[in-house]
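Since the structure comes first, as structure tokens, the remarks are kept for the end.
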Number of protein chains: 2
Amino acid sequence: MAQKNKLQFIILGLLNQQPLTGYDLTKAFDNEIGEFWQAQHSQIYPQLKRLEDQGYITHEVTISGAKLEKKLYHITATGAQLLHTWISDGTPDLTATKDEFILKLYFIRTSRDPRLVPMLYEQRRLHTDKLAHLQARLKMVFPTKASQTENYGHYLILQHAIGREAYYVNWLQQTLLAIPKAR
Amino acid sequence: MAQKNKLQFIILGLLNQQPLTGYDLTKAFDNEIGEFWQAQHSQIYPQLKRLEDQGYITHEVTISGAKLEKKLYHITATGAQLLHTWISDGTPDLTATKDEFILKLYFIRTSRDPRLVPMLYEQRRLHTDKLAHLQARLKMVFPTKASQTENYGHYLILQHAIGREAYYVNWLQQTLLAIPKAR
DNA sequence: TTAAAACATGTCATTAATTACACGTTTTAA
DNA sequence: TTAAAACGTGTAATTAATGACATGTTTTAA
């Protein structure tokens with residue numbers, strides 16, 4: 001079942017909150033949703049066309065300034081229904097995380113491999129930075145209890161991502177400590 | 001830089017351990033390496049041809065039984081060099097995990113959404129099963145201290161995957177407990 | 001002995017995704 | 001005032017990946 005085109009559901013999910021242009025949707029992937037999903041505008045515009053052909057969204061043209069045409073997309077009732085169905089349906093496939101570092105590690109045969117320790121150091125630095133970044137985001141996006149309740153799912157996944165990174169950093173640390181001091 | 005064709009490196013990594021046929025490589029994705037990376041034979045055979053065209057591998061034909069031809073692939077010196085370079089090079093891109101459940105969660109706005117609790121239960125069941133599966137694998141594949149040392153990288157990533165799943169299950173559990181009892 | 005399962009190797013069609021190409025408008029700051 | 005940055009919408013070429021199509025051999029177990 002391939003990647004099952006999740007982009008269509010992300011677009012529907014975002015349009016379900018408010019009408020947006022293709023450009024707005026593209027920006028959304030640079031901001032919050034970009035933390036855990038990526039898409040380029042070259043993928044978004046054709047997908048908008050397909051969703052509209054299928055009747056899941058519609059658009060109205062608005063003029064910005066003197067003549068710049070913007071297409072503001074709205075979700076339709078059937079689109080909202082499709083979104084609801086997707087969320088309600090089971091999610092039984094735990095997609096294996098394609099982590100390139102983990103893949104490389106698989107080919108390291110012994111703890112004496114000189115490439116191992118530098119690899120672990122690099123990853124510890126990267127994941128420590130990522131953790132700090134996510135913690136800063138949580139503080140910025142959800143500063144109050146009320147804000148957490150207002151957008152509960154988003155709050156949960158940010159929290160989850162922080163916990164995941166914290167685990168990753170901790171595992172790297174423990175692994176570094178467990179490696180015999182060479183020679 | 002797209003997906004950067006990691007399959008080629010996986011093939012090189014496996015051939016670096018011992019000569020294998022396309023079929024053997026396909027099987028490897030059903031077993032150990034399949035825990036964290038997927039590939040079908042329809043992707044593997046063309047990739048073998050490309051790697052051979054580029055001089056990174058060669059093959060010899062052997063006859064199995066009366067006339068069944070098997071192509072046994074070997075890594076070349078330049079292939080081994082390419083593999084080494086890939087492993088030694090930095091791995092600075094932390095690929096965002098495309099977890100469909102997390103994506104759905106993003107669109108859940110409040111803790112009273114009736115879809116939320118069933119979703120969390122399903123994921124808890126799935127990740128609990130996955131955790132048990134990985135723990136069983138660890139016991140089976142690495143029963144002794146010696147076996148862990150013999151294939152250290154593989155041991156590390158299995159351990160890592162177990163820790164990751166344990167964290168996931170724990171987070172789901174905590175999240176379920178934190179949700180107000182409705183109504 | 002015979003049928004199913006496993007072994008073995010390929011191609012083709014389609015979809016998903018990235019990068020690059022392409023064009024034009026509006027706003028903002030030097 | 002003018003140039004850069006941001007806004008805004010598309011297409012084309014290429015690559016990666018899946019699922020289906022296609023064919024044949026060998027081994028194993030009923």
Side-chain angles (χ1 to χ4, degrees), chain A residues 1-11 14-15 19-31 33-34 36-54 57 59-73 93 95-98 100 103, chain B residues 1-11 14-15 19-31 33-34 36-54 57 59-73 93 95-98 100 103:
Chain A
M1 207 171 282
Q3 196 75 326
K4 267 257 351 195
N5 191 7
K6 277 146 205 162
L7 177 61
Q8 63 180 318
F9 299 117
I10 300 175
I11 291 175
L14 292 170
L15 293 185
L20 296 168
T21 65
Y23 189 81
D24 294 332
L25 287 164
T26 303
K27 289 288 111 175
F29 284 94
D30 295 340
N31 304 318
I33 208 164
F36 56 96
W37 214 275
Q38 289 77 46
Q40 281 71 42
H41 77 278
S42 59
Q43 216 187 333
I44 290 167
Y45 287 107
Q47 185 65 63
L48 283 169
K49 190 171 279 179
R50 277 195 297 276
L51 284 168
E52 187 159 37
D53 288 347
Q54 294 169 304
I57 61 176
H59 80 268
E60 55 171 321
V61 175
T62 65
I63 303 293
S64 189
K67 57 174 170 177
L68 182 60
E69 294 195 351
K70 293 205 285 186
K71 293 186 181 176
L72 199 60
Y73 286 92
D93 298 322
T95 40
T97 39
K98 296 202 164 183
E100 189 172 6
L103 187 56
Chain B
M1 206 171 284
Q3 197 74 325
K4 266 255 358 197
N5 191 6
K6 279 146 205 163
L7 177 61
Q8 64 181 317
F9 300 117
I10 299 175
I11 291 175
L14 292 170
L15 294 184
L20 296 168
T21 66
Y23 189 80
D24 294 332
L25 287 163
T26 303
K27 289 289 113 177
F29 284 92
D30 294 340
N31 304 319
I33 209 164
F36 55 95
W37 214 274
Q38 289 77 45
Q40 281 71 43
H41 76 278
S42 58
Q43 215 188 333
I44 291 167
Y45 287 107
Q47 184 66 64
L48 283 169
K49 189 171 279 180
R50 277 195 297 275
L51 284 169
E52 187 159 38
D53 288 346
Q54 295 169 305
I57 60 176
H59 80 267
E60 55 172 321
V61 175
T62 64
I63 302 293
S64 189
K67 57 175 170 174
L68 182 61
E69 294 195 350
K70 295 205 286 187
K71 293 185 180 176
L72 199 61
Y73 286 92
D93 298 323
T95 41
T97 40
K98 297 202 166 183
E100 191 174 4
L103 188 55

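Per chain, numbering begins at 1; letters A, B, ... match sequence-line order.
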Hey, which of these two, A:Q38 or A:G65, hits DNA chain C nearer its 5' end, going by closest nucleotide?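 It is A:Q38 whose nearest nucleotide is closer to the 5' end.
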
Which nucleotide in the set [options] lies at the smallest distance from any side-chain heavy atom of [X]?
X: A:H41; options: C:dA8, D:dT9, D:dT18; value: D:dT9
X: A:P46; options: D:dT11, D:dT9, C:dG10; value: D:dT11
X: A:S42; options: C:dA20, C:dT9, D:dG24; value: C:dA20
X: B:L68; options: D:dA17, D:dT25, C:dT11; value: D:dT25
X: A:K49; options: C:dC7, D:dT26, D:dG10; value: D:dG10
X: B:Y73; options: C:dC7, C:dG10, D:dA17; value: C:dG10
X: B:Y45; options: C:dT18, C:dT9, C:dT26; value: C:dT9

Going by ring-ring contact (aromatic ring centres under 6.0 Å, His included), name the residues that satisfy it together with B:F36, two or more places apart in sequence or in a different chain.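 With sequence neighbours excluded, B:F36 shows a ring-ring contact (aromatic ring centres under 6.0 Å, His included) to A:Y106, given in chain and number order.
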
Side-chain N or O of A:T21 versus OP1/OP2 of D:dT9: is the shortest distance under 4.0 Å?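 Yes, within the criterion.
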
Any A:K71 side-chain N or O less than 4.0 Å from OP1/OP2 of D:dG10: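 Affirmative; the distance criterion is met.
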
Mind checking side chain to side chain donor-acceptor pair (under 3.5 Å) for A:E100 and listing every partner two or more places apart, or none if nothing turns up?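 Only B:W86 meet the side chain to side chain donor-acceptor pair (under 3.5 Å) criterion with A:E100.
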
Taking [atom1] from [X] and [atom2] from [N], how many angstroms apart are they, rounded to a whole number?
X: A:I63; N: C:dG24; atom1: CD1; atom2: P; value: 17 Å
X: B:D24; N: C:dT9; atom1: CG; atom2: P; value: 8 Å
X: A:Q40; N: D:dG10; atom1: CD; atom2: C1'; value: 15 Å
X: B:Q43; N: C:dA13; atom1: CD; atom2: P; value: 18 Å
X: A:L20; N: D:dG8; atom1: CG; atom2: C1'; value: 14 Å
X: B:N5; N: D:dT14; atom1: CG; atom2: P; value: 17 Å
X: A:F29; N: D:dC7; atom1: CZ; atom2: C1'; value: 18 Å
X: A:K70; N: D:dG8; atom1: NZ; atom2: P; value: 4 Å

Is there a Watson-Crick or G-U wobble partner for D:dT11 with both distances under 3.5 Å, and if so, which one is it?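 Base partner found: C:dA20.
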
Please name the nucleotide paired to C:dA30 by Watson-Crick or G-U wobble geometry with both distances under 3.5 Å, or report none.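 With both distances under 3.5 Å, C:dA30 matches D:dT1.
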
Test B:L48 against every option in B:L20, B:T21, B:L25 by the side chain to side chain contact (heavy atoms under 4.5 Å, CB included) rule and name the one that passes.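 So, applying the side chain to side chain contact (heavy atoms under 4.5 Å, CB included) to B:L48 and each of B:L20, B:T21, B:L25, only B:L25 qualifies.
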
Contact between B:Y73 and B:E52 at the side-chain level, heavy atoms closer than 4.5 Å - yes or no?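 They are in contact (side-chain heavy atoms under 4.5 Å apart), so the answer is yes.
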
Using a 3.5 Å distance criterion without hydrogens, assess whether the side chain of B:E60 forms a donor-acceptor pair with backbone atoms of B:K71.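 Pair absent, no side-chain N/O of B:E60 close to backbone of B:K71.
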
